[in-house]
There are 2 protein chains.
Amino acid sequence: MADKVTSQDVAARAGVSRSAVSRVFTPGASVSDATAKKVRLAAEQLGYRPNVLARSLLTGRSRMVGLVVGYLDNHFYPGLLEQLCQVLDTEGVNVLMFLAEDAEANLDQVVNDLLDYQVDGLVLASVTLGSTLATRCEAIGVPVVELNRSDGGQGLHVVSDNEMGGVMAVEHLIAQGRRRIGHIAGWEGASTQRAREAGALSALRKAGLGLYAREVGNFDKEQARDATRRMFNDAEARPDAVFVANDFMAFHVIDVLRYELGLTVPKDVAVIGFDDVPTAAFAAYELTTIRQDLDAMVRHTAELLMGRETSSRMITPSLVVRSTCGAT
Amino acid sequence: MADKVTSQDVAARAGVSRSAVSRVFTPGASVSDATAKKVRLAAEQLGYRPNVLARSLLTGRSRMVGLVVGYLDNHFYPGLLEQLCQVLDTEGVNVLMFLAEDAEANLDQVVNDLLDYQVDGLVLASVTLGSTLATRCEAIGVPVVELNRSDGGQGLHVVSDNEMGGVMAVEHLIAQGRRRIGHIAGWEGASTQRAREAGALSALRKAGLGLYAREVGNFDKEQARDATRRMFNDAEARPDAVFVANDFMAFHVIDVLRYELGLTVPKDVAVIGFDDVPTAAFAAYELTTIRQDLDAMVRHTAELLMGRETSSRMITPSLVVRSTCGAT
DNA sequence: CTGAAAGCGCTTACAG
DNA sequence: CTGAAAGCGCTTACAG
């Protein structure tokens with residue numbers, strides 16, 4: 001194992017000081033062309049690359065952002081991760097990943113770990129920070145942005161206008177002639193869930209309707225299936241439409257409706273989801289859904305992290321019509 | 001913004017030296033209970049946490065591993081990422097993410113970036129490193145393991161026995177009575193593709209058959225769809241089965257077969273995929289496939305990174321029978 | 001433009 | 001068990 005080559009080595013070979021070497025690798029520092037040339041040559045020959053960690057110790061900036069995400073099963077999150085990596089890459093910052101499986105449970109532990117790495121910022125996808133830690137992050141000047149969650153009224157958050165999305169979903173169902181509209185909810189602790197449902201309820205109210213049925217799927221595969229079974233077990237009085245709180249659950253809802261209960265979508269029951277993950281466009285589903293503008297969400301998140309923006313934002317979602325909500 | 005609290009601050013408050021503070025936070029160092037207690041109390045009160053970056057400078061270990069992955073659309077990779085994060089977390093190491101969209105193109109750049117962060121190891125999921133960089137990584141003692149790719153005969157790699165998988169796939173098709181077997185290939189530059197196809201061919205040969213049709217889908221959604229259209233455009237002479245190089249393409253192949261060409265799966269044509277991603281189990285697909293043992297792959301990768309294992313490994317895949325390959 | 005010096009926050013032999 | 005000292009690899013005022 002070769003010795004690590006340091007700025008000292010490069011300096012020696014180039015016949016300059018370490019300061020000079022450092023300047024050559026610091027954009028905007030003042031070095032003569034001659035010096036720069038000598039240094040770059042020596043660095044090249046030696047295979048020298050600055051140690052980012054050592055630099056961070058001095059500058060106080062690590063050029064890393066911590067991302068904590070609850071789970072990756074819902075393809076919304078890999079998409080988010082992908083976009084975030086790309087956008088941050090253009091800023092020269094990397095993503096330090098953290099999976100908080102049991103979500104809120106050990107989140108404080110996770111965030112502390114991340115903070116120990118001196119991350120320049122934190123993005124919490126679908127998880128919410130306790131106020132103690134939030135205060136601490138603020139104290140040490142680390143911006144934390146909640147993405148797709150907006151519980152703490154305090155901190156920064158970037159979310160879709162989920163309530164508007166709920167309204168759009170139900171209005172579409174009603175426009176298609178549906179009247180017996182059910183809702184399969186996600187985790188009720190999530191602000192996204194509450195807002196989506198609130199929107200749905202207000203659209204129903206406006207139409208002089210109420211929620212025809214309601215079950216909780218907790219954003220979980222099996223629970224969504226069970227919720228569907230319960231909601232449709234009375235063949236006489238079943239809903240003619242269901243607004244599912246996210247696409248991930250909607251696929252399972254459709255599978256149960258079609259392959260277990262023998263119902264036809266959309267003829268017997270219309271289904272609408274939320275997110276517009278890639279699978280929603282698959283011919284086997286052709287899921288009508290409320291699209292979250294991931295691009296705008298991630299872009300604003302990056303601006304917040306970079307400190308070029310300082311306020312939370314609500315992103316406007318849009319209706320994507322596919323075949324699962326055809327007219328009766 | 002509060003001043004950062006350092007080990008010096010804690011030492012002062014606890015009335016000990018910085019060395020003592022350091023030892024308290026170094027597992028296995030010798031400190032008296034009394035000292036430890038005083039230090040922990042002071043640290044607690046001050047909200048002190050060791051700076052991992054500073055520590056890394058000394059120890060030469062950053063406790064970060066770089067992961068570069070080509071894309072996340074294929075759900076195989078988010079799954080892999082998830083498992084890797086979990087397993088490495090138990091070792092106290094974090095994952096520094098990097099997306100190499102245009103794959104092999106700027107990979108060297110990406111790897112250099114990662115190396116600048118002093119990562120303790122590198123895992124390349126489905127991408128392959130140029131030999132120059134590979135040598136450099138070896139020189140500086142950074143293990144690099146190729147996961148789900150095994151081109152460089154040199155370095156460490158962890159892959160499924162893809163050839164065996166190809167054999168299993170075709171043997172299953174034959175056992176179901178299929179004889180006109182087509183193959184929709186992935187990217188031919190990938191070792192995984194070549195091995196899977198080689199296995200398929202050898203199983204066909206053994207049965208006295210040849211490949212009935214072949215098209216290239218390049219592991220891409222649209223290309224897979226086009227490949228399917230080309231392969232099935234002659235209604236008289238179409239294959240009665242198709243082995244698709246991965247599940248991600250297989251879903252699109254099935255969609256085209258069913259919804260564009262009006263064929264029935266498996267009655268008209270049997271389909272078998274590779275990977276066993278979660279969507280394969282969805283009722284809308286019920287895709288028969290060759291499962292890669294992600295758990296074993298990730299576990300071995302971690303062992304290699306930790307230096308507890310030193311040799312490459314081939315993991316045995318398994319056949320998962322679902323309804324897309326029913327008998328004729 | 002350039003170098004000597006101090007210092008980022010921590011760890012680790014070395015004495016005691 | 002404990003502290004003083006040196007040092008990890010780099011950057012940044014400060015003089016020149």
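To find a chain, count down the sequence lines: A is the first, B the second, and so on, and within it residues start at 1. Note that the structure is a prediction, hence the values are computed from the model and not measured.
- Every pair passing ring pair (Phe, Tyr, Trp, His ring centres under 6.0 Å) that includes a residue from residues 15-52 of chain A is listed here, sequence neighbours excluded: A:F25-A:Y48.
- Annotation: proximity of residues 49-60 of chain B to DNA chain D (heavy atom, distance under 4.0 Å) is found for B:L57, B:L58, numbered in ascending order.
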With a 3.5 Å cut-off and sequence neighbours excluded, list the donor-acceptor pairs that the side chains of residues 88-98 of chain B form with protein atoms.
residue, atom, partner, partner atom, Å
B:T90, OG1, B:V87, O, 2.6
B:E91, OE1, B:R308, NH1, 3.4
B:E91, OE2, B:R308, NH2, 2.7

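- Legend: side-chain hydrogen bond (donor to acceptor under 3.5 Å, both in side chains) pairs involving residues 53-65 of chain A, not counting sequence neighbours, sorted by first then second residue: A:S62-A:D120.
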Restricting both atoms to N or O, compile the protein contacts to nucleotides 13-16 of chain C shorter than 3.5 Å, with distance only.
residue, atom, partner, partner atom, Å
C:dA13, N6, B:R23, NH2, 3.1

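- By the ring pair (Phe, Tyr, Trp, His ring centres under 6.0 Å) test, A:F76 pairs with no residue at all, sequence neighbours left out.
- Among residues two or more places apart in sequence or in another chain, the ring pair (Phe, Tyr, Trp, His ring centres under 6.0 Å) test is passed with A:H300 by none.
- For B:Y71, the ring pair (Phe, Tyr, Trp, His ring centres under 6.0 Å) criterion is met by B:Y77, not counting sequence neighbours.
- Not counting sequence neighbours, A:D293 has no partner by the salt bridge (Lys or Arg N to Asp or Glu O under 4.0 Å) test.
- Contacts between residues 112-121 of chain B and DNA chain C, defined by a heavy-atom separation below 4.0 Å, involve no residue at all.
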**OP:** With pairs defined as Watson-Crick or G-U wobble and both distances under 3.5 angstrom, please note down DNA chain D as a dot-bracket string, | for pairing with another strand.
**Re:** |||.||||||||.|||
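- Applying the salt bridge (charged side-chain N to carboxylate O under 4.0 Å, His left out) test to every pair with at least one member in residues 22-45 of chain B, sequence neighbours left out, gives no pairs at all.
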